Enquirer: 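Let me give you the structure first, and then I'll get to my questions.
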Amino acid sequence: MKRKLVKLIELPKISTDGFLCFAQYPDHIPFPIKRIYYIGNVSGGVVRGAHTHKKNEQVLFCIQGSVKIVLDDGYKKDSVLLKNPNVGVLLEPKVWHEMHNFKKDTILLVLASRKHEEEDYVRSYEEFLKIIKK
Ligand code: TYD
C-alpha cells in the first residue's frame with residue numbers, strides 16, 4: 001500500500017501580539033466536528049494512544065509544547081513531531097497511533113468526527129492487523 005501516512009493540515013495563523021489560529025469545516029478540517037478534547041500534564045516517558053478507531057476521524061494539534069505522533073497503517077510506520085500550533089496531523093480511521101515524548105507543558109488538542117464510543121476503539125494491535133488485512 002502506497003498511501004502517504006502523515007497528512008499535515010496547516011491552519012491560518014494570525015500573528016499580531018501573540019497568535020490566533022482557527023480551524024473550520026470544510027476549509028481546514030475534512031469532516032464536520034462533533035467533539036473536541038485535549039490532553040495535557042502528561043508525565044515524561046508516558047506513551048498515550050496505542051489504539052485505532054473503526055470510524056472516528058481526528059485531527060491533532062499541539063497547541064503548546066511538542067509531541068511526537070507515530071502512525072502505523074499495518075504495512076508501514078511514520079511519525080511527525082507536532083510543535084507548531086497551526087500545523088496538525090490528520091488521523092484517519094484504521095490507522096494505529098501513538099503519542100510519544102510529551103513535554104511538561106504540552107497540550108494536545110483533538111478535533112473528532114464522532115462522539116465518544118468505546119465500541120469504535122480497537123485497542124489490541126493483533127485485532128487491528130486482523131481488521132485492516134480483511
Ligand atoms: P483514550 O482515548 O484511550 O486516551 P489516550 O489514547 O490518550 O490514552 O481515552 C482515555 C479515557 O478517557 C478512556 O477511558 C475513554 C475516556 N474518554 C472519554 O470518555 N471521552 C472522550 O472523548 C475521550 C477521548 C476519552
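Start at 1 and go down the list; that is how both ligands and their atoms are numbered. Predicted model, so just to flag it, every value in this text is computed and none were measured.
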Enquirer: Among side-chain atoms of Asp72 and Tyr125, is any donor-acceptor pair under 3.5 angstrom?
Expert: yes
Enquirer: What do you reckon, are the aromatic ring centroids of His97 and Phe128 less than 6.0 Å apart?
Expert: no
Enquirer: Any nitrogen or oxygen of Tyr37 lying under 3.5 Å from a nitrogen or oxygen in ligand 1? Just yes or no.
Expert: no
Enquirer: Are His28 and Phe22 close enough that their ring centres sit under 6.0 Å apart?
Expert: yes
Enquirer: Just to confirm my output: which protein heavy-atom neighbour is closest to atom 3 (O) of ligand 1, and how far is it?
Expert: Arg123 NH1, 2.9 Å
Enquirer: Identify the closest protein heavy atom to atom 24 (C) of ligand 1: which residue and atom is it, and at what distance?
Expert: Arg35 NH1, 3.4 Å
Enquirer: If you draw the axis of the six-membered ring of Tyr75, does the NZ or CZ of Lys133 fall within 45° of it and under 6.0 Å from the ring centre?
Expert: yes
Enquirer: Go through the side-chain N and O atoms of Tyr37 and Gln58 and say whether any donor and acceptor fall under 3.5 Å apart.
Expert: yes
Enquirer: How far is atom 6 (O) of ligand 1 from the closest protein heavy atom, and which atom is that?
Expert: His51 CE1, 2.9 Å
Enquirer: Would you say atom 8 (O) of ligand 1 touches the protein, meaning some protein heavy atom is under 4.0 Å from it?
Expert: yes
Enquirer: Could you check atom 2 (O) of ligand 1 against the protein and tell me its nearest heavy-atom contact, residue, atom and distance included?
Expert: Tyr121 OH, 2.6 Å
Enquirer: Considering only non-hydrogen protein atoms, determine which one is nearest to atom 16 (C) of ligand 1 and report residue, atom name and distance to 0.1 Å.
Expert: His116 CE1, 4.2 Å
Enquirer: Indicate whether atom 21 (C) of ligand 1 is within a distance of less than 4.0 angstrom of some protein heavy atom.
Expert: yes
Enquirer: Side chain or backbone, does Met99 bring an N or O within less than 3.5 Å of an N or O on ligand 1?
Expert: no
Enquirer: Residue-level breakdown please: for Ile39 versus ligand 1, do any non-hydrogen atoms fall below 4.0 Å on the side chain, on the backbone, on both, or on neither?
Expert: side chain
Enquirer: In plain terms, say whether Glu117 and Lys54 are close enough for a salt bridge, that is, a side-chain N and a carboxylate O under 4.0 Å apart.
Expert: no
Enquirer: Considering only protein heavy atoms, which is closest to atom 10 (C) of ligand 1, and at what distance to one decimal place?
Expert: Arg48 NH2, 4.2 Å
Enquirer: Nearest 0.5 Å please: distance from the CG atom of Leu20 over to the CG atom of Asn86.
Expert: 11.0 Å
Enquirer: Under 4.0 Å between a Lys/Arg side-chain N and an Asp/Glu carboxylate O for Lys7 and Glu92?
Expert: yes
Enquirer: Need the ligand 1 atom indices (1-based, order shown) with element for anything under 4.0 Å from a heavy-atom of Gly49.
Expert: 5 (P), 6 (O), 7 (O), 8 (O)
